[in-house]
Amino acid sequence: MSELIAIGFFRKYWYNSYNFGGRSEVLKKNYRVKKEKDFSAVFKNGENTANRKFVIYKLEKEQPHYRLGLSVSKKLGNAVKRNQIKRWIRHIVMAESDKLDPKVDFVVIARKGVENLTFAEFEKNLLHALKVAKMYQEGIMSEKEVKN
């Protein structure tokens, strides 16, 4: 019985430390573009910009916060790799959320070649694509940085 408790304890704390800080850093559902009509509206009425690794479609809206949609093709790898790419995108967007335009719905499409990048290269490319889309302002200090 004590072995089961130890295994449960290990799984809980290993998972929470492994996944970029654990489940506490999950992108909330109201911060996601989920419905087909919302995706269609962003594609049809929004602007698109791209770099070599990402395409970003954005649609200005009157809302209190941004919403993120993700598209990762099966051509980029198996389900494990595609889910890793989506986790990395969500993690970067959450980490830089204070520097993003809040009144926008946007969809990030990962292009071929993204699956071979390290996390640092991946982050650099995604932030570059967000800058090109004029959604990311690098000079803004976060609330955490202001307090220190």
Side-chain angles (χ1 to χ4, degrees), residues 8 10-148:
F10 174 75
R11 281 185 183 161
K12 177 182 175 185
Y13 289 99
W14 176 80
Y15 178 81
N16 285 340
S17 66
Y18 171 73
N19 192 11
F20 302 115
R23 292 183 176 255
S24 63
E25 291 189 26
V26 173
L27 192 64
K28 295 178 183 172
K29 287 198 179 195
N30 57 351
Y31 280 77
R32 295 184 192 176
V33 176
K34 293 292 276 181
K35 296 181 180 172
E36 184 182 347
K37 68 175 184 140
D38 294 336
F39 270 96
S40 297
V42 172
F43 289 134
K44 191 181 288 185
N45 304 323
E47 305 169 12
N48 65 331
T49 55
N51 66 5
R52 291 178 183 226
K53 303 297 180 188
F54 296 99
V55 178
I56 305 212
Y57 284 85
K58 73 172 187 172
L59 178 63
E60 303 276 337
K61 293 185 98 175
E62 286 301 319
Q63 57 195 13
H65 54 78
Y66 67 85
R67 293 191 316 156
L68 168 67
L70 299 172
S71 177
V72 180
S73 171
K74 287 186 176 183
K75 293 178 182 177
L76 297 182
N78 61 14
V80 174
K81 191 62 181 175
R82 292 192 311 269
N83 289 335
Q84 178 193 39
I85 291 167
K86 289 186 270 187
R87 277 195 314 271
W88 282 4
I89 293 171
R90 279 191 224 106
H91 175 72
I92 293 165
V93 167
M94 284 187 300
E96 303 293 338
S97 63
D98 53 335
K99 298 174 186 171
L100 291 174
D101 182 4
K103 297 185 184 288
V104 71
D105 281 355
F106 65 104
V107 177
V108 177
I109 301 173
R111 286 183 161 176
K112 190 81 174 146
V114 114
E115 70 277 12
N116 302 323
L117 299 177
T118 65
F119 181 76
E121 295 168 333
F122 189 95
E123 182 176 30
K124 181 180 174 187
N125 278 285
L126 181 57
L127 292 178
H128 174 262
L130 290 169
K131 285 177 199 171
V132 170
K134 296 181 178 136
M135 294 177 47
Y136 177 76
Q137 298 169 353
E138 196 168 19
I140 298 174
M141 291 176 57
S142 70
E143 292 175 17
K144 294 175 190 173
E145 293 170 339
V146 171
K147 288 179 183 177
N148 290 335

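Nothing here was measured: the structure is a model prediction, and the numbers come from that model.
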Please give me the minimum heavy-atom distance between [X] and [Y], naming the atom from each residue.
| X | Y | result |
| --- | --- | --- |
| Gly113 | Leu76 | N-CD2, 4.4 Å |
| Trp88 | Leu117 | CZ3-O, 3.7 Å |
| Ile85 | Phe122 | O-CZ, 3.8 Å |
| Pro64 | Pro102 | O-CB, 4.2 Å |

So do the side chains of [X] and [Y] get within less than 4.5 Å of each other, counting heavy atoms only?
| X | Y | result |
| --- | --- | --- |
| Glu123 | Glu96 | yes |
| His91 | Phe119 | yes |
| Val108 | Leu68 | yes |
| Leu130 | Phe54 | no |
| Lys61 | Arg67 | yes |

Carboxylate-amine/guanidinium contact Lys58 Asp101, below 4.0 Å: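 Between Asp101 and Lys58 there is no salt bridge, as every charged N stays at least 4.0 Å from the carboxylate O atoms.
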
Carboxylate-amine/guanidinium contact Glu121 Lys124, below 4.0 Å: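 The answer is no: the pair does not qualify as a salt bridge.
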
Steps toward side-chain contact (heavy atoms from CB on, under 4.5 Å) verdict (Phe106, Leu59): CA-CA 6 Å; Phe106 65 104; Leu59 178 63; over 6 Å; no

Stepwise ring pair (Phe, Tyr, Trp, His ring centres under 6.0 Å) test for Tyr31 and Tyr66: CA-CA 6 Å; Tyr31 280 77; Tyr66 67 85; 5.4 Å; yes

Give a yes or no answer on whether the side chain of [X] reaches the backbone of [Y] with a donor-acceptor pair at less than 3.5 Å.
| X | Y | answer |
| --- | --- | --- |
| Asp38 | Lys34 | no |
| Arg82 | Gly77 | yes |
| Lys112 | Lys75 | yes |
| Lys86 | Leu70 | no |
| Ser40 | Lys37 | no |

First locate atom [atom1] of [X], then atom [atom2] of [Y], and finally report the distance between them rounded to the nearest 0.5 Å.
| X | Y | atom1 | atom2 | answer |
| --- | --- | --- | --- | --- |
| Gln84 | Arg87 | CD | CZ | 6.0 Å |
| Met94 | Ile92 | CE | CD1 | 10.0 Å |
| Lys53 | Arg111 | NZ | CZ | 10.0 Å |
| Tyr136 | Lys131 | OH | NZ | 6.0 Å |

Exercise: do Asp105 and Gln63 side chains pair donor with acceptor under 3.5 Å: yes

Worked verdict on Ile56 versus Val107 for side-chain contact (heavy atoms from CB on, under 4.5 Å): CA-CA 6 Å; Ile56 305 212; Val107 177; over 6 Å; no

Exceeds 12 heavy-atom contacts within 6.0 angstrom, atom CD of Glu47: no

Parallel, tilted or perpendicular, as decided by the 30° and 60° cut-offs, for the rings of Phe43 and Phe39: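 Plane angle between 30° and 60°, so tilted.
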
Step-by-step side-chain contact (heavy atoms from CB on, under 4.5 Å) determination, Val132 to Asn51: CA-CA 8 Å; Val132 170; Asn51 66 5; 5.6 Å; no

Residue pair Ile109, Tyr57: steps toward the side-chain contact (heavy atoms from CB on, under 4.5 Å) verdict: CA-CA 8 Å; Ile109 301 173; Tyr57 284 85; 3.7 Å; yes

